[in-house]
Chemist: 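Structure in structure tokens, see below.
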Amino acid sequence: MVTVAAPTRIDRLVDMLELLSIQIDTMLREIAGSSLLEARRQITRDLHFEPRAEELQTIVGMAADEATEGPRHELPRKFLRLRLLADRQLKHVIDTRTLNVDTMRASGEILGDIVGAALRLEAELDRAVTMDESLNQNDRDYLLKIGDVLSCQQDELVAGSVLALRLAELAESLTQGNLEDMEPSLTAAEREHLEAFAAENITQESCRATIDAIAIRSSLERLFTAWRELGKPSEDSEALRKQRDRVLGRIRQNMTALESVSTRLQTQRDAALVAEIESLAAELQEAGRSLFSIKLQLAPVLRDPYIDVDFNERQDRPQDLRERLAASAADEAEAVAGPREASKEELYVGALKEMQGKKQAQIEELRKSQKQTDLEKQRRRMKWMVAASIVLAIASAIVNFVIL
């Protein structure tokens, strides 16, 4: 009996890229000579991709380009297909409504593979524009522009991969029924959120961002604990330094995911405030605070990882940002002799509070503007109704007069 090996991750990536190559070639032939508006419609319909203005012009330029072989023909298509695959996989990770172990793990792995493919493609572009003698200066400028416009956002790919793999870990703990033991930093409310999401009992689309915040915050808590357990960096052996570097690398990757999730939380919170969904806005704000809290605790590690820092006062995660601010102010008052730069976290918090105040003012202004717009629409509608009534009354009188 002949056994067939299961497809590897690289095989799956290659298959996805080959399928996209066929779709891209077909689309480029069909939009050749089309207007920008027609091309946008075709690209959106066939590739499920909504290009920005510069991306649209670049893709239309690819369709009109006369090169049929060589780097000028092949590299732009490689960039476009990898970009499309990256966007699709990221959208799948962010929009999925199920917490499935296999699905999340596969998505996280493929996003990691796309990061590697993006790095290899950038190296291929660099070799082509610097070493390929068949290319003239116009070709090189064209390829560099393609790479600049259609390259993947690698930070977003890393963030998506970290998030998906972390959600797979949480889903596995939920499936095995040992979430509380495996994730001791989770609060009771956070466990309830995860269980409800796994059971598909969450009704608000925006609550998915809360789940992501829980996942990244708890992951960073675990890594922070591992970092503290390594002891003082000045006492590291060679083996311990390598272990420390691995933990530091994971912390930095998770911080990339934290920034991405924080941006989504703020965007959705603004939308909830405009829609006056106060409960959802409060939930998203609390999720954002939890992320900001762990970010403050990790600030000394990220600022200078190999300086000895006493974390004894930072072991308990503050439940409220105001408590953290009060603790920072007390530390500053006691350390008068220390340099002012030691309180960067406080300055950052102050800047954040000021920014949130401005954001709240903008939201209030937007609400007033929306209400004013609605009122003006109602007034115009009433005017038209009155005018229509008058016209109908006159027409009716004329008809009755003619009949009589």
Side-chain angles (χ1 to χ4, degrees), residues 7 9-95 106-107 110-157 160-161:
R9 284 163 48 185
I10 298 300
D11 292 334
R12 290 198 297 270
L13 180 63
V14 170
D15 290 343
M16 291 177 181
L17 292 174
E18 287 180 351
L19 178 60
L20 277 173
S21 292
I22 297 171
Q23 296 174 346
I24 287 170
D25 288 340
T26 302
M27 180 273 300
L28 289 175
R29 286 195 298 270
E30 291 178 352
I31 68 170
S34 301
S35 67
L36 289 177
L37 180 59
E38 292 170 341
R40 177 185 288 277
R41 291 172 179 168
Q42 184 89 14
I43 293 168
T44 303
R45 183 177 69 248
D46 294 353
L47 301 180
H48 307 289
F49 174 63
E50 297 184 3
R52 302 192 307 269
E54 192 174 22
E55 293 167 342
L56 176 62
Q57 292 173 354
T58 300
I59 295 172
V60 171
M62 288 170 56
D65 192 71
E66 297 179 356
T68 57
E69 59 182 13
R72 180 171 179 127
H73 174 78
E74 295 169 0
L75 281 175
R77 285 159 175 78
K78 288 182 179 180
F79 271 99
L80 180 56
R81 70 180 187 177
L82 194 62
R83 170 65 183 280
L84 291 175
L85 181 59
D87 284 3
R88 290 182 183 183
Q89 291 298 316
L90 276 174
K91 190 174 188 302
H92 173 70
V93 168
I94 293 172
D95 292 346
S107 296
I110 201 69
L111 283 171
D113 293 337
I114 292 173
V115 173
L119 292 172
R120 291 192 295 273
L121 185 55
E122 288 180 357
E124 184 178 352
L125 172 64
D126 185 61
R127 287 194 300 271
V129 298
T130 57
M131 301 175 62
D132 196 324
E133 296 180 355
S134 66
L135 298 176
N136 57 37
Q137 189 58 45
N138 182 53
D139 295 333
R140 293 187 176 90
D141 292 341
Y142 173 73
L143 291 177
L144 288 172
K145 178 68 179 298
I146 291 287
D148 183 53
V149 175
L150 296 180
S151 61
C152 299
Q153 298 294 324
Q154 293 182 25
D155 283 351
E156 287 298 316
L157 293 175
S161 178

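Atoms considered below: every heavy atom in the structure, side chains included; atoms not considered: hydrogens, waters and symmetry mates. For this chain, numbers begin at 1 and follow the sequence in order.
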Chemist: I'd like to know whether Asp113 forms a side-chain contact (heavy atoms from CB on, under 4.5 Å) with Arg12, so could you lay out the CA-CA distance, the side-chain angles of the two residues, the decisive distance to 0.1 Å, and finally the verdict.
Modeler: CA-CA 10 Å; Asp113 293 337; Arg12 290 198 297 270; over 6 Å; no
Chemist: For Gly160 and Val93, which heavy atoms make the closest approach, and how far apart are they?
Modeler: O-CG1, 4.0 Å
Chemist: Is any side-chain heavy atom of Ile146 less than 4.5 Å from a side-chain heavy atom of Leu80?
Modeler: no
Chemist: When you compare the side chain of Met62 with that of Tyr142, does any pair of heavy atoms fall below 4.5 Å?
Modeler: yes
Chemist: Around atom CD of Gln153, are there more than 12 heavy atoms of other residues, nucleotides or ligands at under 6.0 Å?
Modeler: no
Chemist: Would you say Asp139's side chain and Asn136's backbone share a donor-acceptor pair under 3.5 angstrom?
Modeler: yes
Chemist: Under 4.5 Å between any side-chain heavy atoms of Arg77 and Arg81, yes or no?
Modeler: no
Chemist: Mind listing the closest non-hydrogen atom pair of Pro71 and Asp132 along with its distance?
Modeler: CG-OD2, 3.3 Å
Chemist: Indicate the atoms forming the closest heavy-atom contact of Ser107 with His92, along with that distance.
Modeler: OG-CD2, 3.2 Å
Chemist: With rounding to the nearest 0.5 Å, note down the distance linking CD1 in Ile31 to CD in Glu38.
Modeler: 10.5 Å
Chemist: Within the side chain of Arg140, is there an N or O that forms a donor-acceptor pair under 3.5 Å with the backbone of Leu135?
Modeler: yes
Chemist: Go through it in stages, so that I can follow the logic: the residues are Met16 and Arg88, the test is side-chain contact (heavy atoms from CB on, under 4.5 Å), and I'd like the CA-CA distance, side-chain angles, deciding distance and then a yes or no.
Modeler: CA-CA 11 Å; Met16 291 177 181; Arg88 290 182 183 183; over 6 Å; no
Chemist: Measure the CG-CG distance between Leu20 and Leu82 for me, rounded to the nearest 0.5 Å.
Modeler: 9.5 Å
Chemist: Going from NZ on Lys145 to OG1 on Thr58, what distance comes out if it is rounded to the nearest 0.5 angstrom?
Modeler: 5.0 Å
Chemist: When you measure from the side chain of Arg40 to the backbone N and O of Pro51, does any donor-acceptor pair fall under 3.5 Å?
Modeler: yes
Chemist: In Å, rounded to the nearest 0.5 Å, how long is the span from CD1 of Ile59 to CG of Leu150?
Modeler: 6.0 Å
Chemist: Quick one: do Asp141 and Gln137 satisfy side-chain contact (heavy atoms from CB on, under 4.5 Å)? Show the steps, please.
Modeler: CA-CA 6 Å; Asp141 292 341; Gln137 189 58 45; 3.0 Å; yes
Chemist: Considering only heavy atoms from C-beta outward, does the side chain of Glu74 approach that of Glu124 to under 4.5 Å?
Modeler: no
Chemist: Could you tell me the separation between the CG atom of Leu90 and the CD1 atom of Ile114, rounded to the nearest 0.5 Å?
Modeler: 7.5 Å
Chemist: Salt-bridged, Asp87 to Lys91, with N to O below 4.0 Å?
Modeler: no
Chemist: Evaluate whether atom CD of Gln23 has more than 12 neighbouring non-hydrogen atoms of other residues, nucleotides or ligands under 6.0 angstrom away.
Modeler: yes
Chemist: Can you check whether Val149 reaches Gln57 side chain to side chain, under 4.5 Å on heavy atoms?
Modeler: no
Chemist: Can you check whether Leu157's main-chain N or O pairs, donor with acceptor, with Ser161's side chain at less than 3.5 Å?
Modeler: no
Chemist: Between Ala86 and Cys152, which heavy-atom pair has the shortest distance, and what is it?
Modeler: CB-SG, 3.8 Å
Chemist: Which value, rounded to the nearest 0.5 Å, describes the distance between Met27 atom CE and Ile43 atom CD1?
Modeler: 5.0 Å
Chemist: Show the nearest heavy-atom pair for residues Ile110 and Gln89, with the distance to one decimal.
Modeler: CG2-OE1, 3.2 Å
Chemist: Between Val115 and Leu111, is there a side-chain heavy-atom distance shorter than 4.5 Å?
Modeler: no
